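Here the structure comes first, spelled out in structure tokens, and everything after it is commentary.
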Number of protein chains: 2
Amino acid sequence: MISVVLVDDHLVVRSGLRALLSTQPDIEVVAEASSGENGVATVLEHGPDVVLMDLAMGAGIDGIEAIRQLRTRRPKQAVLVFTTYDSDADIVRAVDAGAMGYLLKDAAPDEIFAAVRGAAKGQSHMSAPVASRLFQAMRNPDEALTPREAELLTLLTQGLSNKELGKKLFISEATVKTHLAHIYAKLGVDSRASAIAKALRREGMR
Amino acid sequence: MISVVLVDDHLVVRSGLRALLSTQPDIEVVAEASSGENGVATVLEHGPDVVLMDLAMGAGIDGIEAIRQLRTRRPKQAVLVFTTYDSDADIVRAVDAGAMGYLLKDAAPDEIFAAVRGAAKGQSHMSAPVASRLFQAMRNPDEALTPREAELLTLLTQGLSNKELGKKLFISEATVKTHLAHIYAKLGVDSRASAIAKALRREGMR
DNA sequence: TCCCGTCTCATCCTTTTGGCTGATACGGCC
DNA sequence: GGCCGTATCAGCCAAAAGGATGAGACGGGA
């Protein structure tokens, strides 16, 4: 019998998963949680074979952070990410945090079952679209912005001017422009407008 | 007995909703669909009292368009939007298309039941966060971009320059600048960077 | 030790953008 | 017919952004 804990802030998703998994004789949902904090506590309490974890979780810590906390408290815990979107950044962060697999919410039931059974045995699983994105992200290390550049890009997406960026980061406008030039090159764009567009679409919105 | 049709591309969401609604003696899910096209057909076939419709639907027509089509074919059909995000644009568009209510996926079960029963009687229902956003959107009619301006804004978020915008829209750069100035004023920003940031955050990503 | 990546800054020059003012044209609406 | 919103265009000027190049400081790794 494979015991499973569900962590998702949407009640309908939890009900759906529970209904789906209950059709399988060898899988049992032993507990649910609706927030990251709660999820960590629930998992520690029940010690399930597999955790199905959403990433976006309203208030409080998100799924990534929850996975990270679980990793330190219970390193061998199998966690499957189960989420709607497959943004590059999320995938990389989740894998980095120690997720054993990454399922999309529109996955076929059989894929979900297989992933749960696999995770219980220590095998990792990736939804096909996710795998291809991860592959692409690894193949494209150009996009590896330096910490400083990432910081700048974040502020850039808030619409700040070079002058404002300089003030906020305590550097001269010249330095801002240097960083921007590097960012543009790495993102493969040639204007701040495109950079913002690319950055905002890459993070989050599918 | 209130008959309901579910339209959502996520199987777990449909299962969850079905499980949830099945606990109510006076509500029955008579059919499900996993795409906009299919949803329209299914609704026309079954003629349910209430439709629960997701907005984002992967490929094909989205929930808004599905509602719009239903509106022309069956003007009195009660449709409740049931979605994850509450972006201003989506809410306005959904209400505009003829949605009878707007529920968020993290709504409490009782709220969902009440909304379904209300919709069956012709009453509209808004989740609290949605209502406040709608109110804000109405109170702020400045944001009402003209069709042309909206078109420009869309292209703007793709990172195009004024020259490129002009070419693509068959207008002079001068006209582009005029439109942009109006857009900036309406969005309350003063640079294309901020406009892009605002536009991309307003649409979609919560 | 020397090299390389990172972060910092500067100068010069070109292109792009933004702000302002004013103008024409078309289509509704009172 | 006059008014208003929308869409179109022009010219002018100042500010911002982008491209090219060079360079100093610091730290880690070969």
Side-chain angles (χ1 to χ4, degrees), chain A residues 89 92-93 96 137-202, chain B residues 89 92-93 96 137-202:
Chain A
V92 172
R93 289 197 310 145
D96 210 60
M138 314 245 307
R139 201 201 46 180
N140 239 5
D142 329 73
E143 287 201 18
L145 300 180
T146 69
R148 195 54 158 173
E149 285 163 1
E151 201 179 348
L152 238 125
L153 183 56
T154 303
L155 292 175
L156 193 65
T157 63
Q158 266 141 60
L160 302 191
S161 69
N162 290 349
K163 193 171 297 186
E164 292 169 319
L165 289 172
K167 273 191 188 169
K168 191 148 286 194
L169 296 176
F170 304 108
I171 56 180
S172 80
E173 218 179 313
T175 306
V176 170
K177 290 172 76 170
T178 303
H179 284 308
L180 284 182
H182 292 159
I183 292 174
Y184 296 166
K186 289 183 181 177
L187 293 186
V189 300
D190 58 358
S191 75
R192 74 169 45 214
S194 313
I196 293 172
K198 189 152 232 170
L200 284 180
R201 285 190 218 276
R202 193 174 60 159
Chain B
V92 172
R93 288 197 311 146
D96 212 60
M138 312 247 306
R139 200 199 47 178
N140 242 3
D142 328 74
E143 286 200 21
L145 300 180
T146 68
R148 196 54 158 173
E149 286 162 0
E151 201 177 349
L152 241 125
L153 183 55
T154 302
L155 292 174
L156 193 63
T157 63
Q158 265 140 60
L160 302 192
S161 70
N162 290 348
K163 193 171 299 187
E164 293 169 320
L165 290 171
K167 271 192 190 167
K168 189 149 286 195
L169 296 176
F170 304 107
I171 57 182
S172 79
E173 219 179 312
T175 306
V176 171
K177 291 173 73 171
T178 304
H179 284 309
L180 283 182
H182 292 160
I183 291 174
Y184 296 165
K186 290 182 181 176
L187 293 185
V189 300
D190 56 359
S191 76
R192 77 169 46 211
S194 312
I196 293 172
K198 188 152 232 168
L200 284 179
R201 285 190 217 278
R202 192 174 63 159

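Just so you know, these numbers use all the heavy atoms, side chains as well, and skip hydrogens, waters and symmetry mates. To find a chain, count down the sequence lines: A is the first, B the second, and so on, and within it residues start at 1. Being a predicted model, the structure only gives us computed values, none of them experimental.
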Heavy-atom side-chain contact between [X] and [Y] under 4.5 Å:
X      : Y      : answer
A/I171 : A/R148 : yes
B/L200 : A/T157 : no
A/V176 : A/L169 : no
B/H182 : B/T178 : yes
A/V189 : A/Y184 : yes

Let me know the distance between [atom1] of [X] and [atom2] of [N], rounded to the nearest Å.
X      : N      : atom1 : atom2 : result
B/I171 : D/dA7  : CD1   : P     : 10 Å
A/E149 : C/dT6  : CD    : C1'   : 8 Å
A/F170 : C/dC7  : CZ    : C1'   : 16 Å
B/H182 : C/dG18 : NE2   : P     : 14 Å
B/K186 : C/dG18 : NZ    : C1'   : 18 Å
B/H179 : D/dC9  : NE2   : P     : 8 Å
B/L152 : D/dT6  : CG    : C1'   : 13 Å
B/R148 : C/dG27 : CZ    : P     : 16 Å

Practice item. Treat primed atoms plus P, OP1 and OP2 as sugar-phosphate and everything else as base, then score nucleotides 14-20 of chain D 5' to 3': B for base contact with protein heavy atoms under 4.0 Å, S for sugar-phosphate contact only, - for none. Key: --SSBB-

Point to revise | Side chain A/T178 and base C/dC7 donor-acceptor under 3.5 Å | key: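 Under the 3.5 Å cut-off, the side chain and the base do not form any donor-acceptor pair.
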
Practice item. Flag the pair B/K167 and B/E164 as a salt bridge only when some basic side-chain nitrogen lies within less than 4.0 angstrom of an acidic carboxylate oxygen. Key: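 Salt bridge flag = no for B/E164 with B/K167.
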
Check your understanding: C/dC9 phosphate, OP1 or OP2: any side-chain N/O from A/S172 under 4.0 angstrom?
Key ->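 For C/dC9, OP1 or OP2 has a side-chain N or O of A/S172 closer than 4.0 Å.
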
